Colleague: 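My questions will all concern the structure given below.
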Amino acid sequence: MNKEEILLASRNEHKDKDLVEIEVGNKAGRYALRVGATVCCVISLLSLWIADVFIYGPWVIYFSLLATNWFVRHKEMKTRSDLVLSITFFSMTLATLAGFVARLIEVAA
């Protein structure tokens, strides 16, 4: 393979994205997940302090994001620990979703 063939293969593999751009996207995703966790904590604490009620909605969304993130990572990397984490976060998604639905039923009644 000459230099041009290697560059073409790399462009095809990375869909014309620069490796730096890919790494920046990954880093942004990691920060976004951390900020999401912080926002969920702040919203939950505020709702407990002000209304004495736990809000499940943000946690349903956050845990579903984490479950998806780890499941996609498992599909690409084929690691067992990623699968365990995706199942764990999916279980937490279902648990918070159950709490969310129960709260809706409670409010509607």
Side-chain angles (χ1 to χ4, degrees):
M1 279 184 123
N2 64 24
K3 181 179 177 182
E4 292 302 316
E5 291 171 330
I6 293 170
L7 286 173
L8 181 61
S10 177
R11 281 189 201 107
N12 289 336
E13 181 180 345
H14 298 297
K15 298 179 177 73
D16 288 327
K17 288 187 177 179
D18 185 359
L19 290 177
V20 173
E21 184 180 355
I22 292 169
E23 184 56 35
V24 167
N26 290 338
K27 188 175 183 180
R30 288 191 301 271
Y31 280 118
L33 287 173
R34 290 180 188 142
V35 169
T38 303
V39 170
C40 285
C41 289
V42 168
I43 289 172
S44 295
L45 289 174
L46 283 174
S47 69
L48 281 173
W49 287 337
I50 294 170
D52 200 29
V53 172
F54 184 80
I55 298 177
Y56 290 94
W59 292 105
V60 174
I61 296 166
Y62 184 69
F63 288 135
S64 66
L65 288 170
L66 286 175
T68 303
N69 184 35
W70 287 102
F71 181 72
V72 170
R73 187 177 157 121
H74 164 70
K75 292 292 280 184
E76 297 294 323
M77 305 293 287
K78 308 289 188 221
T79 57
R80 185 178 175 150
S81 61
D82 291 343
L83 178 61
V84 169
L85 281 170
S86 68
I87 291 170
T88 301
F89 286 124
F90 182 68
S91 299
M92 293 173 82
T93 301
L94 292 178
T96 54
L97 182 61
F100 179 75
V101 170
R103 182 63 47 86
L104 287 177
I105 291 169
E106 180 183 304
V107 169

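A quick note: this is a predicted structure, and the numbers were derived from the prediction, not measured. Just so it is clear, the values below take in all heavy atoms, side chains as well, and ignore hydrogens, waters and symmetry mates.
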Colleague: What orientation do Phe54 and Tyr56 show, parallel under 30°, tilted 30 to 60°, or perpendicular over 60°?
Modeller: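 Rings of Phe54 and Tyr56: perpendicular, over 60°.
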Colleague: So how far is it from Asn69 CG to Asp82 CG, rounded to the nearest 0.5 Å?
Modeller: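 CG of Asp82 is found 9.0 Å from CG of Asn69.
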Colleague: Evaluate whether atom CD of Glu76 has more than 12 neighbouring non-hydrogen atoms of other residues, nucleotides or ligands under 6.0 angstrom away.
Modeller: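 Counting neighbours around CD of Glu76, 12 or fewer heavy atoms of other residues, nucleotides or ligands fall under 6.0 Å, so no.
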Colleague: When you measure from the side chain of His74 to the backbone N and O of Thr79, does any donor-acceptor pair fall under 3.5 Å?
Modeller: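 Such a contact is found between His74 side chain and Thr79 backbone.
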Colleague: Look at the side-chain heavy atoms of Ile, Leu, Val, Met, Phe, Trp and Tyr, link any pair under 4.5 Å apart, and say whether Leu65 and Phe71 land in one connected group.
Modeller: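 Each belongs to a different hydrophobic cluster.
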Colleague: Can you see which heavy atom on Ala67 is nearest to which on Ser86, and at what distance?
Modeller: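 The answer is O-CB, 3.7 Å.
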Colleague: Look at the side-chain heavy atoms of Ile, Leu, Val, Met, Phe, Trp and Tyr, link any pair under 4.5 Å apart, and say whether Leu33 and Met92 land in one connected group.
Modeller: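 Yes, it is one cluster - the side chains of Leu33 and Met92 are joined through contacts under 4.5 Å.
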Colleague: Does the cation-pi check pass for Arg103 over Phe100, that is, NZ or CZ under 6.0 Å from the six-membered ring centre and within 45° of its axis?
Modeller: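 Cation-pi check for Arg103 and Phe100: fails.
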Colleague: Looking only at heavy atoms, what is the nearest atom pair of Cys40 and Pro58, with distance?
Modeller: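 Where Cys40 meets Pro58 most closely, the heavy atoms are SG-O, 3.4 Å.
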Colleague: Taking NZ, NE, NH1 and NH2 as the nitrogens, is one of them in Lys27 or Glu21 under 4.0 Å from a carboxylate oxygen of the other?
Modeller: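 Looking at Glu21 together with Lys27, the answer is no, because their closest N to O distance does not fall below 4.0 Å.
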Colleague: So, Thr93 side chain and Ser64 main chain: donor-acceptor pair closer than 3.5 Å or not?
Modeller: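 Between the backbone of Ser64 and the side chain of Thr93 there is a qualifying donor-acceptor contact (under 3.5 Å).
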Colleague: Checking side-chain contact (heavy atoms from CB on, under 4.5 Å) between Phe90 and each of Leu94, Ile87, Thr88, which is the one that passes?
Modeller: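 Of all the options given, the one that passes is Leu94.
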Colleague: If you apply the rule side chain to side chain contact (heavy atoms under 4.5 Å, CB included), what do you find for Asn26 with Glu23, and how did you get there?
Modeller: CA-CA 5 Å; Asn26 290 338; Glu23 184 56 35; 4.2 Å; yes
Colleague: Under a 4.5 Å side-chain heavy-atom rule over Ile, Leu, Val, Met, Phe, Trp and Tyr, are Trp59 and Val53 clustered together?
Modeller: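 They do not share one cluster, since no chain of ILVMFWY contacts under 4.5 Å joins Trp59 to Val53.
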Colleague: Is it possible for you to say whether Leu104 and Val60 belong to one hydrophobic cluster, with membership spreading through side-chain heavy-atom contacts below 4.5 Å?
Modeller: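 Yes, it is one cluster - the side chains of Leu104 and Val60 are joined through contacts under 4.5 Å.
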Colleague: Is there a path of hydrophobic side-chain contacts, each under 4.5 Å between heavy atoms, that joins Leu85 and Tyr62?
Modeller: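 The answer is yes; both residues are in one hydrophobic cluster.
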